[in-house]
Structure formats: C-alpha cells, structure tokens
Amino acid sequence: MYYSKLLIPTLRDDPADAETISHKLMLRAGLIRKVASGIYSLLPLGLRVLSKVENIVREEMNKAGAQEILLPALQPAELWEETGRWDKYGKELMRLTDRHDRNFCLGPTHEEVITDLVRREVKSYKTLPINFYQIQTKFRDEIRPRFGLMRGREFLMKDAYSFDADLEGAKKTYQAMYEAYHKIFQRVGLRFRAVEADSGLIGGSSSHEFMVLAQTGEDEIASCEKCEYAANIERAELTAGDLPSSESAPKMEAVSTPEQKSVEAVSRFLDVSANQLLKTLLFVADEKPVAVLVCGDHEINEVKLKKLLGAEALALADHDTVKRVTNGPSGFSGPVGLTGLEIIGDFSVQSKAEYVVEANKEDTHYLHAVPGRDFSVSRYADLRNAVHGDPCPRCEASIKIDRGIEVGHVFMLGTKYSEKMDATFLDRNGKSQHFVMGCYGIGVSRIMAAAVEQNHDERGIVWPQQIAPFDVEIIPIQEKSEVVMIAATTIFETLKRKNIEVLFEDRKERTGVKFNDADLLGIPIQVIIGQRNLEDGLAELKERKTGEKILVPLDDIVKEVTKRCC
RNA sequence: CGGGGUGUGGCGCAGCCUGGUAGCGCACCUGCUUUGGGAGCAGGGAGUCGGAGGUUCAAAUCCUCUCACCCCGACCA
C-alpha cells in the first residue's frame with residue numbers, strides 16, 4: 001500500500017482529551033477517531049490491526065471446534081424477560097422501541113438469543129456437544145466509558161456459547177476454551193495471565209479472566225509469589241487469621257479528634273497505625289441495613305459481601321439511613337452501641353484485641369474498643385480485598401498485587417439459562433434434560449488497546465508482529481532521486497509478491513517527519529533506502545522494537561525481511 | 001449518579017480576573033530554496049470564541065440556564 005493513498009492522520013501533539021498511553025497513541029497514530037464518548041471510528045490502519053486480531057481469534061476458535069455464526073445485535077425484549085434480565089441488567093442495557101412501541105435492546109451479550117436458537121434447533125444428545133461463536137459489535141451503556149477503545153459503549157467482541165449434555169462434558173469444553181484462549185493471547189503477542197474470577201452479572205459457577213499485565217489496567221490481580229495461584233482481587237479468598245491472645249485491654253475511653261476525617265488523618269493524630277483503626281461501613285442489602293467492619297488499611301469487597309448476604313442489591317447506605325440507624329452523623333459511624341442491625345466483621349478484625357473506633361458523634365473516637373466486650377459482632381467472614389503480603393490461599397507464601405486489563409473471560413454457566421428458558425434435549429434414554437452451558441468472551445477491540453498499552457516506547461507504538469498493521473514500511477529518503485525510487489519500488493514489489501504486507505512511504509515529506517511518523521506507527525521493520533548507502537549497494541533495515549539498525553546488501557534485503565517476518 | 005475539570009480556526013494553546021469587537025505555534029494552500037531525525041523565506045485561506053438567555057452603549061471576557069467532553073469512584077470484554 002502507498003502511504004499517500006491511505007488516510008493516516010498522525011498528530012504531533014497529544015490530544016487534550018486522552019489520558020492513557022494507548023488512547024493517546026491510537027489517536028496520534030491515526031488508528032481511531034472519536035465520534036462520541038465511548039464511540040469510535042476505526043481508520044484504515046486501526047481496522048487492519050483489528051482484523052488481524054479477529055483472524056487470530058477466528059482461527060483458534062475454529063481449531064477448537066467452535067462454529068462461527070452471526071446473531072442479531074437488535075434483540076426483542078421478550079427473550080430478555082424470559083431470563084429476568086430485562087429488569088436485572090439495568091441501565092447498561094441500551095433499550096429502544098420500534099414504531100409499534102415494542103421494546104428492543106442492542107445486545108450487550110447473547111445468551112438469550114443463542115439459547116433460543118438452540119432450544120428450537122437442537123433436540124438430541126447426538127448433536128452435543130456444540131459450541132457457537134461470533135465476532136460482533138456489542139453495546140453497553142457504560143456508566144463511564146473511558147480510555148478510548150479500552151471501555152467503549154460500542155465495541156467488538158468475540159462471544160462463544162457451548163452446549164453440553166452433562167456437567168462432565170461441559171467441563172471438558174470449558175477446558176478446551178481455556179486452552180484456546182491461551183493460544184490466542186500468545187499468538188497476539190501479549191504478556192497475560194489467566195486468573196480465577198467472579199462471574200458477575202452473566203452468572204454461573206466458575207470462571208477465569210485473562211488479564212493483560214499493564215500499569216493502567218482497571219483490575220487488580222492477586223498472585224502468589226511461589227505457587228501458580230492467581231485471582232482477581234475481588235475473588236482472592238482470605239482465611240481467618242490467628243485469634244489474639246486474650247490479654248485484658250484497658251477500659252474503653254472516648255477521645256476528641258477534631259477535624260480528623262480520613263483514616264490517615266486520625267492515625268496520624270492519635271499516632272496509631274491505620275491497621276489499628278476500625279472502619280465501620282453501613283450498607284443496605286435488599287432494603288436491610290448491615291454494618292461491616294474492616295481494619296483501616298483494608299478495603300471492603302462488595303462482591304464478597306453481596307455473596308455472603310445472598311443479596312440481590314447492595315449499596316452503601318445514604319446519609320439519611322446512616323442517621324436513622326446510628327443516631328449519629330454520617331462519616332462518623334462506629335460499632336459501639338449499634339443495635340437493630342447485623343454487624344459483620346472481616347476475618348482480619350478477629351486477629352487484634354482492641355481497636356480505635358468512631359463514636360457515632362462528630363470529632364470523637366473510642367480507644368481500646370474490644371470486639372465482644374465493647375461492641376458485638378455477629379459473625380466474621382472474608383469481606384475485603386486482598387492486599388500485598390496477604391497469605392496465599394493455596395500455599396505458605398504471600399500474595400503480590402499487579403494491575404491488569406481484562407481481555408477475556410470464560411464462564412461455566414451450568415443450567416442457569418437453559419432452565420430459565422426451558423432449553424432441553426433428549427438424552428440417550430429419551431429423557432428430557434437441560435443443556436449445560438458455558439460462555440466465553442474476548443474483547444477484540446480491547447485487545448488492540450491493551451497491546452498498545454503493553455507495547456510502546458517514548459517514540460510511539462511498537463506492534464507485536466502478529467497484529468501489526470503492516471509487516472514492513474519502506475522509507476525512501478531522497479524521493480526525487482530516481483535510483484532511490486527504483487530501488488525502493490523494486491523491493492516493494494518483490495516483498496508484495498512474497499505476500500508480505502508492505503507500507504510504502506511515498507509522501508513528499510522531510511526525512512525527519514517520515515522517521516518520526518514511522519516510529520509512531522510502530523510497524524515492526526523499517527527498510528530505509530538512501531542515496532548514500534545505495535552507492536555502496538546497501539539498504540538499511542531498522543527494527544522498531546530494539547532500534548537496531550543494520551546495513552544489508554540490496555540483493556539480500558528481501559531475504560532478510562522475509563526471515564524476520566515469518 | 002456523586003466529586004473534580006475543560007470547551008476559543010483541523011490539532012495544541014494564550015486571551016477571560018481588570019468588558020472595547022480574536023491571537024500564537026503546528027497543520028493546510030501557492031512559489032522559491034532546502035532534504036538521513038518534526039526546514040527557511042515570501043504570500044494566502046480558515047474561527048464570532050460549545051449552545052440559549054440576560055446585564056451593558058459594548059460580552060470570548062460578567063450573570064443564569066443548558067449541552068458536550070475528560071479525570072476519580074460503583075459496572076464490565
């Protein structure tokens with residue numbers, strides 16, 4: 001392809017409305033342009049990358065025995081009502097009505113549609129297992145779209161749905177998908193990690209997330225420093241700590257802590273560690289208030305809490321509720337004297353004898369508050385996020401925390417959807433059974449962003465070879481020199497004939513501009529043809545990733561490039 | 001939705017506090033020179049300052065409302 005014929009609008013400055021590296025670089029390299037918040041157009045170069053990712057995904061899914069289909073993005077409300085998700089999915093579902101006032105949504109995921117298809121068309125165990133996938137645009141009205149393609153409201157996703165006759169079969173399918181995902185992310189060229197995960201809104205019993213390791217990731221991953229254990233921080237199990245020695249603490253006493261609002265401020269003011277403070281958070285779970293206690297240096301994990309309570313809805317209590325329940329202003333809640341609601345403590349709270357707690361009064365704390373003596377705790381449970389140094393749930397070592405970008409997620413759904421939608425087949429005894437399902441997602445467009453996030457330097461993008469928009473960029477330097485252009489064109493044509501994807505930088509720009517744009521675009525190999533080297537029969541080959549430049553005899557340049565591309 | 005912030009030629013920004021009719025760099029067009037890491041000179045095109053309303057002789061600038069976008073939190077591929 002000729003550079004001058006492609007729309008590659010590179011930007012010299014960082015765009016004002018981009019913060020993340022991948023977002024900035026994708027805009028600057030002319031891969032994408034914003035249309036509205038979380039909605040982007042893909043320009044020629046961006047689409048080339050996306051297609052490459054798509055094809056890798058497609059090839060591996062096919063190899064794993066899944067069949068490609070295409071389901072509609074526009075879906076009738078009735079199907080969603082069958083599973084109850086028309087109500088449950090909430091505002092994230094893009095809803096619309098047709099001219100007859102019938103309700104529709106733009107699909108954020110396709111369990112309903114595929115289950116409907118399968119229950120109509122698959123009747124016998126003989127057709128099982130069966131696994132369908134599609135690569136399609138999804139719509140989610142995200143609360144806060146951000147970071148360019150990382151979290152859009154419209155994005156490209158590969159979603160697969162498997163149907164098995166029994167749990168055993170479903171587990172095998174799950175395993176096959178798990179392995180296919182490893183291959184996919186390896187081929188795409190990302191450093192990633194599969195971690196245990198919570199299954200969220202989609203539901204189901206077990207699930208793994210595939211995380212691309214990157215500083216800007218929105219997720220936190222807890223992984224063991226010694227063994228193979230790795231889990232989303234939301235999921236990482238923590239066990240009960242040691243019980244404290246039952247030495248008698250001094251009597252509880254109130255102290256004045258004027259203007260000390262944050263945990264840090266109070267711990268500084270009273271000169272106690274944050275760990276010594278007890279945070280009391282009030283939640284409302286399905287209309288019922290609950291108090292939760294965690295140490296000052298820990299964070300509550302709402303997913304765990306929700307699960308423990310078996311609650312459908314869980315939110316922090318609003319100011320009025322706090323006042324009603326604690327008889328004190330919000331922001332000053334403590335466990336002492338709390339009645340009429342359950343008080344649950346995190347396991348770690350158990351391991352210390354006494355705490356500094358809020359007193360349900362402005363500017364006041366209690367010292368030496370002892371659980372069980374000065375306030376009651378109905379039960380202890382695992383309620384917080386793991387932190388660096390927590391014990392690994394599998395071995396003796398401790399946990400470290402990394403950030404990651406979720407690019408894939410596999411779920412064992414079981415019969416959750418097939419039961420609700422009454423999707424059944426006849427087993428070999430002629431008995432009706434519910435399909436055992438699994439579902440498997442990959443954020444195709446997100447992979448693109450994650451790849452940039454993980455592969456860049458101060459000069460621009462450094463594409464992994466497998467998903468680069470082109471394999472090679474040819475940069476002739478004196479475009480007015482006939483010998484230069486002949487040599488460059490010859491190499492260009494020869495490489496094309498070898499099915500290598502080449503971008504020919506034929507713009508009438510200064511050398512510096514060409515070099516800078518080439519580094520920004522991040523095509524893995526640059527072949528630089530200049531008069532000076534040409535006189536010695538040489539061309540220059542630059543590897544974008546390392547910056548290494550070598551001089552190669554003209555006759556060998558095609559061979560050298562081919563070697564590096566394959 | 002709560003908190004913080006920004007909207008001025010295509011892009012990045014200044015001007016706003018202390019109202020007086022829009023400026024800088026880059027990009028763009030023409031010509032000449034230049035050409036191994038974002039060129040120089042000369043000439044030129046392009047904005048009514050997110051939108052609406054108000055105050056005023058006069059509004060990018062002050063006031064009110066509104067919209068869009070970005071960042072932090074809850075959601076997720």
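Keep in mind that the numbers below use all heavy atoms, side chains included, and drop hydrogens, waters and symmetry copies. Convention: sequence-line order gives letters A, B, ...; per-chain numbering from 1. Just so it is clear, the model here is predicted, and its values are computed rather than measured.
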Looking only at B:G25, B:C75, B:G36, the nucleotide nearest the A:Asp13 side chain is B:G25
OP1 or OP2 of B:C70 sitting under 4.0 Å from any side-chain N/O of A:Ser37?
-> yes
N/O (side chain, A:Arg144) to phosphate O (OP1/OP2, B:C71) under 4.0 Å = yes
Nearest-nucleotide check on RNA chain B, A:Asp219 vs A:Asn533; residue mapping nearer the 5' end is A:Asn533
Would you say B:A39 has OP1 or OP2 under 4.0 Å from some side-chain N or O of A:Arg510?
-> yes
Plane angle bin for A:Phe210 and A:His182 - parallel if under 30°, tilted between 30 and 60°, otherwise perpendicular | perpendicular
Does A:Arg146 put a side-chain nitrogen or oxygen below 4.0 Å from OP1 or OP2 of B:C72?
-> yes
May I ask you to say what A:Gly148 touches in the nucleic acid, namely base, sugar-phosphate or nothing, with a heavy-atom cut-off under 4.0 Å?
-> nothing
In sequence, state the C-alpha distance, the side-chain angles, and the governing distance for A:Asp14 and A:Leu27, and then conclude on side chain to side chain contact (heavy atoms under 4.5 Å, CB included).
-> CA-CA 8 Å; A:Asp14 278 338; A:Leu27 286 165; over 6 Å; no
Mind telling me whether A:Phe411 and A:His409 have parallel, tilted or perpendicular rings, with 30° and 60° as the class edges?
-> parallel
Kindly indicate whether the side chain of A:Gln531 and the base of B:G36 share any N or O donor-acceptor pair separated by less than 3.5 Å?
-> no
For A:Leu149 and for A:Tyr40, find the nucleotide of RNA chain B with the closest heavy atom, then tell me which residue's nucleotide is more 5'.
-> A:Tyr40
With a 6.0 Å cut-off on ring centres, are A:Phe470 and A:Tyr3 close enough?
-> no
For B:A27, does OP1 or OP2 lie under 4.0 Å from any side-chain N or O of A:Arg12?
-> yes
